[in-house]
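Okay, so here's the structure we're looking at.
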Amino acid sequence: MEAKEVNIAFFDTRSYDQDSFSDINRSYLYNIDYFDFHLNEKTAMTAKGYDVICAFVNDTINSKVIATLKECGVKLIAMRCAGYNNVDLKAAAKADIKVVRVPSYSPNSIAEHAVALLLSLTRKIPQAYIKTRSGNFTLNGLTGRNLNGLTACILGTGRIGKLTAEILSGFGMNVEVFDVVPDNEWASSHGFKYVQLTQLFADADVLSLHCPLTEETKHIVNAQSLQLMKRDAVIINTGRGALIDSTALVNSLKKQTLGGAALDVYEEESKYFFDDWSVNVIRDDTLARLMTFPNVIITSHQAFLTTNALKAIAATTLENIKAFTTGAELQNEIK
């Protein structure tokens with residue numbers, strides 16, 4: 001199958017996706033159609049006539065969707081992201097549809113966003129911006145907190161977690177880390193310490209989440225683990241929304257047993273994130289409640305959104321498709 005004959009349907013795309021992929025596609029000449037709606041059970045039939053579908057984090061790719069994709073003639077699911085917890089891999093294998101992903105694009109983008117969220121939260125940057133925009137230059141309610149000397153606890157020491165730890169160390173923070181597969185050589189070289197999970201929660205002034213979403217890590221931040229944390233500790237989540245039990249988080253914030261949270265992801269984000277709900281009613285009571293807290297910052301899954309990351313995502317995704325269509329080894333296949 002030559003590149004120019006490959007038809008690809010892109011789901012849940014925005015202008016920045018189209019710009020980055022169209023630019024990189026000049027070297028591949030694939031036939032690409034961009035759709036702004038999610039891939040799910042209702043929309044899967046739109047894949048008819050396409051060899052490949054390209055999906056993102058909030059698309060639904062369950063067994064029913066995969067069955068429809070197979071019926072439509074789709075041979076490859078190309079995820080333009082690292083996560084794939086929204087894909088039924090067993091159903092895909094049964095349907096003989098390959099699945100590939102972008103395992104790493106710009107870990108710096110996400111690590112830097114995590115730190116930006118932390119600084120914004122602890123130094124009350126959003127509140128200060130709103131006050132000065134309205135001509136209010138008083139400092140009441142803007143008292144922050146030094147990071148220097150505090151303990152940063154990193155849950156998950158993949159590339160993003162490591163970078164976040166190293167950045168926070170640069171602020172003079174003490175760093176403790178946890179991972180089921182520890183990298184002791186890396187930790188030792190930076191003066192970081194691997195600790196048990198319960199100690200990680202108990203010691204954290206800042207808890208930053210960077211582990212994948214699995215059955216074991218779903219709701220790893222829950223009512224029990226939150227009880228272990230300091231009353232002025234803050235949580236940063238740029239990983240996956242379901243790492244946090246959102247109801248438990250709301251309860252801790254209401255009881256003021258937690259200092260705050262900065263979230264780039266939310267476990268029920270798929271209906272809201274990447275879309276404009278400014279003139280509509282948000283019916284998710286938990287999300288709506290989180291948005292009312294002055295010590296909560298929410299960004300809509302934008303940690304990845306840099307020109308560097310978009311270019312890398314497009315390049316890797318189209319190279320994955322090229323490998324599939326030319327019969328080369330699928331280095332980024334998910335099995």
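Source: prediction; values computed, not measured.
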One should read off an interatomic distance between Leu155 CG and Leu209 CG, to the nearest 0.5 angstrom, of 6.0 Å
Could you pull out the closest heavy-atom pair between Val296 and Leu121, with the gap in Å? N-CD1, 4.3 Å
For Gly259 and Val234, the nearest pair of non-hydrogen atoms, with its separation, is C-CG1, 4.0 Å
Check whether Tyr272 reaches the backbone of Leu287 with its side chain - one donor and one acceptor, N or O, closer than 3.5 Å. no
Share the residues that join Leu139 in a hydrophobic cluster, the rule being Ile, Leu, Val, Met, Phe, Trp or Tyr side chains under 4.5 Å apart at the heavy-atom level. Leu142
Could you state the interatomic distance from OG (Ser104) to CZ (Arg159), rounded to the nearest 0.5 Å? 3.5 Å
How long is the straight-line distance from CD of Glu112 back to CD1 of Ile160, given to the nearest 0.5 Å? 11.5 Å
Should the heavy atoms of other residues, nucleotides or ligands under 6.0 Å from OH of Tyr129 be counted, would the total exceed 12? no
From CA spacing to verdict: side chain to side chain contact (heavy atoms under 4.5 Å, CB included), Gln227, Phe201: CA-CA 9 Å; Gln227 287 179 353; Phe201 285 113; over 6 Å; no
Is any side-chain heavy atom of Asn332 less than 4.5 Å from a side-chain heavy atom of Val102? no
Check the pair Tyr105 / Ile110 against side chain to side chain contact (heavy atoms under 4.5 Å, CB included), numbers first and verdict last. CA-CA 10 Å; Tyr105 33 93; Ile110 298 170; 3.8 Å; yes
Determine yes or no for a side-chain-to-main-chain donor-acceptor pair under 3.5 angstrom, with Asn320 supplying the side chain and Ala323 the backbone. no
Side chain to side chain contact (heavy atoms under 4.5 Å, CB included) test vs Trp277 passes for just one of Asn280, Val281, Val279, namely Asn280
Cluster link Val57 to Val65, ILVMFWY, side chain under 4.5 Å: no
Quiz question: by atom type and distance under 3.5 Å, do the side chains of Asn62 and Thr60 form a donor-acceptor pair? no
Is the shortest heavy-atom distance from the side chain of Glu267 to the side chain of Thr247 under 4.5 Å? no
Distance-only, no hydrogens or angles: does the Arg80 side chain make a donor-acceptor pair with backbone N or O of Asp17 under 3.5 Å? no
Would you please test Ile282 and Met291 for side chain to side chain contact (heavy atoms under 4.5 Å, CB included) and show each step? CA-CA 11 Å; Ile282 293 177; Met291 292 168 62; 3.9 Å; yes
Do the non-hydrogen side-chain atoms of Lys311 and Asp23 ever get within less than 4.5 Å of each other? no
Backbone N/O of Leu213 and side chain of Lys218: donor-acceptor pair under 3.5 Å: no
Residue pair Val52 / Cys54, side-chain heavy-atom distance below 4.5 Å: no
Go through Asp33 and Tyr50 one step at a time and tell me if the side chain to side chain contact (heavy atoms under 4.5 Å, CB included) criterion holds. CA-CA 9 Å; Asp33 287 322; Tyr50 293 95; 2.5 Å; yes
Is any side-chain heavy atom of Tyr16 less than 4.5 Å from a side-chain heavy atom of Leu305? yes
Under a 4.5 Å side-chain heavy-atom rule over Ile, Leu, Val, Met, Phe, Trp and Tyr, are Leu76 and Met79 clustered together? no
Has the side chain of His38 got a donor or acceptor atom that lies under 3.5 Å from a matching backbone atom of Ser270? yes
Donor-acceptor contact below 3.5 Å, side chain Ser22 vs main chain Asp19: no
Is there side-chain contact between Asp51 and Thr325, with heavy atoms separated by less than 4.5 Å? no
Donor-acceptor check, side chain of Glu269 to backbone of Asn58, threshold 3.5 angstrom: yes or no? no
Would you say the side chain of Val115 lies within less than 4.5 Å of the side chain of Phe171, judging by non-hydrogen atoms? yes
Using only atom types and a distance under 3.5 Å, with no angle test, would you say the side chain of Lys70 pairs donor to acceptor with the backbone of Ala95? yes
Consider only side-chain heavy atoms of I, L, V, M, F, W and Y, link residues closer than 4.5 Å, and tell whether Ile334 and Val87 are in one cluster. yes
Just by distance, with hydrogens left out, do Asn136 and Thr138 show a side-chain donor and acceptor under 3.5 Å apart? yes
Taking every non-hydrogen atom, the tightest pair across Ile24 and Ala314: CG1-CB, 3.7 Å
Please say which of Ile244, Leu290, Ile298 ends up in a side chain to side chain contact (heavy atoms under 4.5 Å, CB included) with Tyr266. Leu290
Whether the side chain of Thr316 engages the backbone of Ile313 through a donor-acceptor N/O pair (distance < 3.5 Å, no angle test) should be reported. no
Please report the shortest heavy-atom distance between Leu243 and Pro212, naming the atom on each side. CD2-O, 3.8 Å
Taking everything shown except Lys131 itself, do over 12 heavy atoms lie less than 6.0 Å from its NZ? yes
Any donor-acceptor pair under 3.5 Å linking the side-chain atoms of Thr46 with those of Thr43? no
Atom of Asp179, atom of Gly158 and distance for their closest heavy-atom approach: OD2-N, 4.1 Å
Establish, from distance only, whether the side-chain atoms of Glu216 and Thr214 form a donor-acceptor pair under 3.5 Å. yes
Quick one: pull up NZ in Lys90 and OG in Ser63 and give me the separation to the nearest 0.5 Å. 12.0 Å
Judged by modelled atom types alone, do Thr286 and Arg289 share a side-chain donor-acceptor pair under 3.5 Å? no
Quick one: pull up CD in Gln127 and CG in Asn140 and give me the separation to the nearest 0.5 Å. 13.0 Å
pair Ile8-Phe21: side-chain heavy atoms closer than 4.5 Å: no
Glu333: partners by salt bridge (charged side-chain N to carboxylate O under 4.0 Å, His left out), with sequence neighbours left out: Lys98
In terms of heavy-atom contacts, does CG of Asp96 have more than 12 from other residues, nucleotides or ligands at under 6.0 Å? no
What heavy-atom pair brings Cys72 and Ala44 nearest, and what distance separates the two atoms? SG-O, 3.9 Å
With ring centroids as reference points, do Phe56 and Phe304 lie under 6.0 angstrom apart? yes
Please determine whether a side-chain nitrogen of the Lys or Arg among Asp275 and Arg14 lies less than 4.0 Å from a carboxylate oxygen of the Asp or Glu. yes
Indicate, with yes or no, if Leu258 and Leu263 share a hydrophobic cluster defined by side-chain heavy-atom contacts under 4.5 Å among Ile, Leu, Val, Met, Phe, Trp and Tyr. yes
Taking atom CZ of Arg101 and atom OH of Tyr84, what is their separation to the nearest 0.5 Å? 5.0 Å
Do any N or O atoms from the side chain of Asp12 and from the backbone of Asp59 form a donor-acceptor pair under 3.5 angstrom? no
